[in-house]
Amino acid sequence: MEQSVEAMSAIPARMNQGWNRGDATAFVADFADDAELVDFEGTIHKGREAVIAFNQPLFDTVLKGSRLVRGEVPFARIVRPGWGVVHHRVAMVMPGEEEPPSSRYFMQLLALVWQNDRWEIAALQNARLISLETAMALDAQTAAG
């Protein structure tokens with residue numbers, strides 16, 4: 001493998017395939033052993049094994065049959081030799097859904113390092129994409145409740 005933007009940009013599609021199979025080990029196959037994942041709620045999971053331990057029970061229960069769809073990489077670049085970043089956007093559908101609701105669109109920022117003769121994820125930040133209007137409506141609901 002080579003240190004290319006194309007090689008970095010292929011990582012999210014492999015992650016999505018692992019998710020869609022409900023296989024946490026495949027989902028994190030491109031993570032470094034000591035990688036960190038920040039989930040959309042802000043919880044930090046340290047290490048590939050911790051990420052597997054967090055995700056597999058979800059794949060087996062509440063996220064069973066969920067699929068990641070509409071994955072795209074709008075931005076990827078090598079920052080300097082051996083270091084890169086990838087911005088990935090994706091949506092999630094649950095079993096029986098054809099279209100993802102607006103609340104299930106996410107963006108991910110992947111920090112990559114070249115090691116073990118491949119790009120590995122050193123850190124991944126996952127965040128929900130919501131509009132300012134939606135955020136303000138949630139704030140208003142919280143203040144009223």
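All figures in this text were calculated on a predicted structure; none of them were measured in a lab.
The nearest pair of heavy atoms linking Ile11 to Leu110 is CG2-CD2, 4.1 Å. Nearest heavy atom pair, residue Val69 against residue Pro100, reads CG2-CG, 4.3 Å. Pro57 and Ile52 make their closest contact through CD-O, 4.2 Å (heavy atoms, listed as atom of the first residue, atom of the second, distance). The two residues Glu2 and Trp119 make their nearest non-hydrogen contact at O-NE1, 3.8 Å. The shortest heavy-atom contact between Ala76 and Val86 is CB-CG2, 4.0 Å. Residues Pro95 and Lys64 share a closest heavy-atom pair of CG-O, 3.3 Å.
Both Val62 and Val90 are members of a single hydrophobic cluster when ILVMFWY side chains are connected at heavy-atom separations under 4.5 Å. At a threshold of 4.5 Å between side-chain heavy atoms, the hydrophobic network of Ile, Leu, Val, Met, Phe, Trp and Tyr places Val28 and Ile44 in two separate groups.
For the pair Arg128 and Phe106, the cation-pi criterion (under 6.0 Å, within 45° of the ring axis) is not fulfilled.
Every residue two or more places apart in sequence or in another chain that forms a side chain to side chain contact (heavy atoms under 4.5 Å, CB included) with Ala32 is listed here: Asp34, Ala35, Gln115, Glu120.
When Thr25, Asp30, Asp33 are each tested for a side-chain hydrogen bond (donor to acceptor under 3.5 Å, both in side chains) with Arg48, only one passes: Asp33.
No donor-acceptor distance shorter than 3.5 angstrom exists from the side chain of Asn116 to the backbone of Arg118, with no hydrogens or angles considered. Ser66 contributes a side-chain N or O that, together with a main-chain N or O of Leu63, makes up a donor-acceptor pair within less than 3.5 Å. In this structure a side-chain-to-backbone donor-acceptor pair under 3.5 Å is missing from Gln125 to Gln108. Formation of a donor-acceptor pair under 3.5 Å by the Gln3 side chain with backbone atoms of Met8 is not found in this model.
Sorted by first and then second residue, the pairs that involve residues 84-113 and meet salt bridge (charged side-chain N to carboxylate O under 4.0 Å, His left out), not counting sequence neighbours, are Arg70-Glu99, Glu97-Arg104.
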Test side chain to side chain contact (heavy atoms under 4.5 Å, CB included) on Val38 and Thr43; report intermediate values, then the result. CA-CA 6 Å; Val38 181; Thr43 302; over 6 Å; no
